[in-house]
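Step one of this worksheet: look at the structure below.
Just follow the structure's listing: the first ligand is 1, and inside any ligand the first atom is 1. Scope of the values below: all heavy atoms of this structure, side chains included, with no hydrogens, waters or symmetry mates. Quick caveat, the model's predicted, so the values are computed rather than measured.
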Amino acid sequence: MKARRLKRKMATRKKASRVQTVVVREKAPINYRVALPPGQRRLSFNDRWDYAPAPEASNYIKIKPRYQLFIGGKFVAPRSGKYFGSINPATEEKLAEIADANRHDVDLAVKSARRAYNNVWSKMPGRERGKYLYRIARLIQEKSRELAILETMDGGKTIKESRDIDLPLVAAHFFYYAGWCDKLQYAFPGRKARSLGVAGQIIPWNFPLLMAAWKLAPALACGNTCVLKPAETTSITAMHLAEIFQEAEMPEGVVNIITGAGETGRALVEHQNIDKIAFTGSTEVGKRILHSVAGTKKKLTLELGGKAANIIFEDAPIDQAVEGIISGIYFNQGHVCCAGSRLFVQEGVFAPVIRKLRDRIATLRVGNPLDKNTDIGAINSRMQLEKICELVDSGVKQGAKLIQPRLRLPAKGYWYPPSFFTGVTASHRIAQEEIFGPVLSVMTFRTPDEAIERANNTPYGLSAGVWTDKGSKIFKIVNKLRAGVVWANTYNKFDPTSPFGGYKESGFGREGGVHGLAGYLTLN
Ligand code: NDP
C-alpha cells in the first residue's frame with residue numbers, strides 16, 4: 001500500500017518536473033549553437049525573423065518622358081530624330097525615351113567642346129575652374145537622394161548601395177579634383193603641365209554616375225572640355241547631371257553629353273577632332289578602340305574587364321574573410337569589374353569557408369532594389385542576365401558543382417540568385433571569363449607560391465584580395481600579384497585619392513588620385 005502510494009507520488013513528481021522543464025524552455029530557450037565549438041556553429045536567420053518591407057519613396061521623383069542630348073549647355077533634339085527606351089530592370093517598365101545620337105550629333109558635340117576649350121575653359125585660371133567643380137560637388141550632395149533613387153530605378157542596383165556608396169563617392173570625386181585645379185604645378189614638380197583639349201569619354205552601365213564622375217572631374221580639373229557617352233541602358237542620371245551643370249552655370253559646351261548605343265561611342269572614338277579617349281567597358285570593345293586610335297595623335301586610357309583572385313589563407317580571420325568574399329562578389333549584383341570572382345581558399349580551411357559561405361548567402365535578400373533592406377537588386381538588362389545564365393550553364397556542363405540558396409525571385413524583372421561553384425578547375429570557362437554577375441568560382445591551393453601562380457594565371461590584371469593575419473605575408477604576396485589594386489583583409493574599398501586601373505588585358509592608365517590627372521595632361 002505504502003509502496004503504491006510512493007510510486008504514485010514519484011510519478012506525479014516526474015510529471016510535474018517534466019511540465020516544469022517545458023515551461024522553463026519556453027521562457028528562455030537554450031541556445032545550443034553557443035555550446036558548439038566555433039568551427040561548427042551555423043549561421044541561419046531565415047527561421048528566426050524576417051524583415052518588414054522598407055521601400056524608399058519614389059513617387060516624387062520626376063522622370064521626363066523624353067531626354068534630349070546635352071550640347072553647348074542646352075538640351076537639343078537629336079539630328080537622327082531617333083529615340084530608344086530606357087527600362088527599369090526590376091519591373092521591366094519603360095521609364096523614358098532617350099535620344100539616339102548619330103555621327104552628325106557627335107560632330108556637333110565635339111565642335112561645341114572645342115569652342116568652349118578655345119574660348120573659355122583653357123584660358124580660365126585654375127582657381128576659377130575649381131569653383132565650378134566645388135559648386136557641382138555641392139549640388140550633387142544636395143540632390144543625392146533623388147539621384148540615388150534614379151540610379152536604382154534605371155540600373156537595378158540597390159538603394160542602399162546607390163545612396164551610401166555611389167552618390168557619396170560621386171560628390172567626393174568632384175570635391176577632390178576641385179582641390180587640384182589650381183595646384184597642378186605641385187602635382188608634377190619640375191614639369192610643366194598643360195591640358196590636352198577635347199576629351200571623348202565612354203562609360204559602362206554598372207556605376208553610371210560614378211563612372212561619369214571618374215571621367216569628368218579630373219578632365220575638367222586639368223582644363224579640358226568633354227564629350228561624355230553614357231551606356232545605352234543607364235543614361236537617365238547622366239542627363240540629370242547635365243541639369244546640375246546648368247544650375248552650376250558651367251560655361252556652355254564645357255561638358256556635352258550624347259546618348260546612344262555602341263555606334264554613337266564608335267563615332268566619338270573615330271572623330272578627327274578629339275585629343276583624348278577615355279574608355280571604361282569590356283576588353284573586347286577596348287581592343288577595338290585601341291585599333292581605331294592607333295596611329296592617331298589621340299591619347300588613350302582604357303579601364304577594362306577583370307577576373308580578380310580573392311585569396312584566403314589558413315591563418316585569416318575566417319568570419320571576416322567570408323564577409324569580404326560576400327562584398328567582393330555580390331556587391332552591385334556582381335556587376336563590378338574588380339569583383340573578387342575567383343576565390344582561392346587554402347586547403348586546410350576549405351570546409352569551414354564553404355560551410356559559412358553557404359550559410360551566409362542564404363541570408364542575402366534578393367528583390368526590390370528600392371527596398372532599403374535588399375542586398376542584391378536586379379540584373380541590369382535581359383542581355384546581361386542571358387550572359388550570366390549561359391556562363392553558369394557552361395560551369396555545370398563542365399562538371400563544377402553549383403550552390404545556390406533556395407529563394408523566391410520576383411515574377412517580373414531580371415534576377416539572379418547569389419551563387420557559387422566548387423569543383424572548379426583553371427580550364428573551366430567560369431574560371432577564365434568574366435561573368436559580371438553574382439556568381440563566384442571557388443578553387444583551392446596549398447602553398448603561397450601556388451596561390452600567386454594561380455592568381456596570376458589570367459589574361460586580366462585589375463584587382464585582387466589577400467586575407468591573412470601575417471603582415472609580412474601580405475607584403476610578400478601583394479608584390480607578386482599582377483593586379484592594379486590589391487586589397488588586404490578587406491575588399492572593394494574606393495576613395496578618390498587612390499588610383500585605380502589595370503595591367504595586361506584589364507587596360508592601362510589610372511583613374512583617381514594624382515595619377516588620375518596624368519591621363520588628361522601633357523607633361524614637359
Ligand atoms: P561595353 O564595352 O559593351 O560598353 C561600354 C561602353 O562602350 C558603353 O557605353 C557602350 O555603349 C560603348 N560601346 C560599345 N561598343 C562600342 C564601340 N564599338 N565603340 C565605342 N564605344 C562602344 O561594356 P558593357 O557596357 O557591356 O560593360 C560591361 C563590361 O565593362 C564588363 O566586361 C566589365 O568588365 C567592363 N567594365 C570595366 C570597368 C573598369 O573599370 N575596368 C568598369 C565597369 C565595367 P552601349 O552600352 O550603348 O552599347
**Request:** May I ask which of L210, V269, T233, V285 has a heavy atom nearer to atom 16 (C) of ligand 1 than the others do?
**Result:** V285

**Request:** Check whether any side-chain N or O of W121 sits under 3.5 Å from a backbone N or O of N224 as a donor-acceptor pair, and report yes or no.
**Result:** yes

**Fill in**
Which of W487, F207, Y176 passes ring-ring contact (aromatic ring centres under 6.0 Å, His included) with F494? It is W487

**Asked** Where is the nearest protein heavy atom to atom 48 (O) of ligand 1: which residue, which atom, and how far?
**Response** G262 N, 3.5 Å

**Item:** Check: W467 ring centre within less than 6.0 Å of F344 ring centre
**Value:** no

**Request:** Hey, could you give me the OH/OG1 distance between Y67 and T237, rounded to the nearest 0.5 Å?
**Result:** 9.5 Å

**Prompt:** Does D100 use its side chain to pair, donor to acceptor, with the backbone of Y83 at less than 3.5 Å?
**Reply:** no

**Prompt:** Among protein heavy atoms, which sits nearest to atom 39 (C) of ligand 1, and what does the distance come to when rounded to 0.1 Å?
**Reply:** C337 SG, 3.0 Å

**Message:** Tell me the contacting part of R288 for ligand 1: side chain, backbone, both, or neither, using a 4.0 Å heavy-atom threshold, strictly below.
**Reply:** side chain

**Request:** Kindly state whether the ring of F70 and the ring of F75 have centres lying under 6.0 angstrom apart.
**Result:** yes

**Message:** Below the 3.5 angstrom mark, is there an N/O of E434, backbone or side chain, next to an N/O of ligand 1?
**Reply:** yes

**Message:** To check your reading of the model: name the closest protein heavy atom to atom 12 (C) of ligand 1, its residue, and the distance in Å.
**Reply:** I202 CG2, 3.7 Å

**Asked** Are D166 and K157 ion-paired here, with the side-chain N under 4.0 Å from a carboxylate O?
**Response** yes

**Prompt:** Contact between P230 and ligand 1, counting heavy atoms under 4.0 Å?
**Reply:** yes

**Asked** Considering only protein heavy atoms, which is closest to atom 36 (N) of ligand 1, and at what distance to one decimal place?
**Response** G281 O, 3.5 Å

**Item:** Side chain Q333, main chain G377, donor-acceptor under 3.5 Å
**Value:** yes

**Request:** Would you check if the side chain of H271 reaches a backbone N or O of N273 as a donor-acceptor pair within less than 3.5 Å?
**Result:** yes

**Message:** With a 3.5 Å distance limit and no angle check, can you tell me whether T264 reaches the backbone of N102 through a side-chain donor-acceptor pair?
**Reply:** no

**Prompt:** By number and element, which atoms of ligand 1 are closer than 4.0 Å to a non-hydrogen atom of L462?
**Reply:** 41 (N)

**Asked** When you check the side-chain N and O atoms of D154 and T234, is any donor under 3.5 Å from an acceptor?
**Response** no

**Asked** Short check: is a protein heavy atom less than 4.0 Å from atom 4 (O) of ligand 1?
**Response** no

**Prompt:** Who's the nearest protein heavy-atom neighbour of atom 28 (C) of ligand 1, and how far?
**Reply:** F436 CE2, 3.7 Å

**Request:** Please determine if N206 has a nitrogen or oxygen closer than 3.5 Å to a nitrogen or oxygen of ligand 1.
**Result:** no

**Item:** N206 side chain to H335 backbone, donor-acceptor under 3.5 Å
**Value:** yes

**Asked** Applying a 4.0 Å heavy-atom criterion (strictly less than), which segment of L268 is in contact with ligand 1: side chain, backbone, both, or neither?
**Response** neither

**Request:** Find the distance between CG (N256) and CG (L268) and round it off to the nearest 0.5 Å.
**Result:** 10.5 Å

**Asked** Please state which protein non-hydrogen atom is closest to atom 24 (P) of ligand 1 and give its distance, to 0.1 Å?
**Response** W205 NE1, 3.4 Å

**T280-ligand 1 polar pair, N/O distance under 3.5 Å** = no

**Complete:** atom 21 (N) of ligand 1 sits nearest the protein heavy atom G265 CA, 3.6 Å

**Request:** Output yes when the distance from some N or O of ligand 1 to some N or O of L304 is under 3.5 Å, and no in every other case.
**Result:** yes

**Asked** Near F279, which atoms of ligand 1 are under 4.0 Å from a heavy atom of that residue?
**Response** 2 (O), 5 (C), 6 (C), 7 (O)

**Message:** Under a 4.0 angstrom heavy-atom cut-off, which atoms of ligand 1 come close to G305?
**Reply:** 34 (O)

**Asked** Can you tell me the protein heavy atom closest to atom 29 (C) of ligand 1 and the distance?
**Response** S282 N, 3.6 Å

**Message:** Looking only at distances, can you tell me whether any N or O atom of K387, backbone or side chain, sits closer than 3.5 Å to an N or O atom of ligand 1?
**Reply:** no

**Request:** Going by heavy-atom distance to atom 11 (O) of ligand 1, choose the closest among E232, M211, K229.
**Result:** K229

**Message:** Between ligand 1 and G507, can you find any atom pair, the residue atom being a heavy atom, that is separated by under 4.0 Å?
**Reply:** no

**Item:** Numbering as shown, the atoms of ligand 1 that approach I203 to under 4.0 Å (heavy-atom distance)
**Value:** 6 (C), 8 (C), 9 (O)

**Message:** Checking the side chain of T374 only, and the main-chain atoms of L370 only, is there a donor and an acceptor separated by less than 3.5 Å?
**Reply:** no

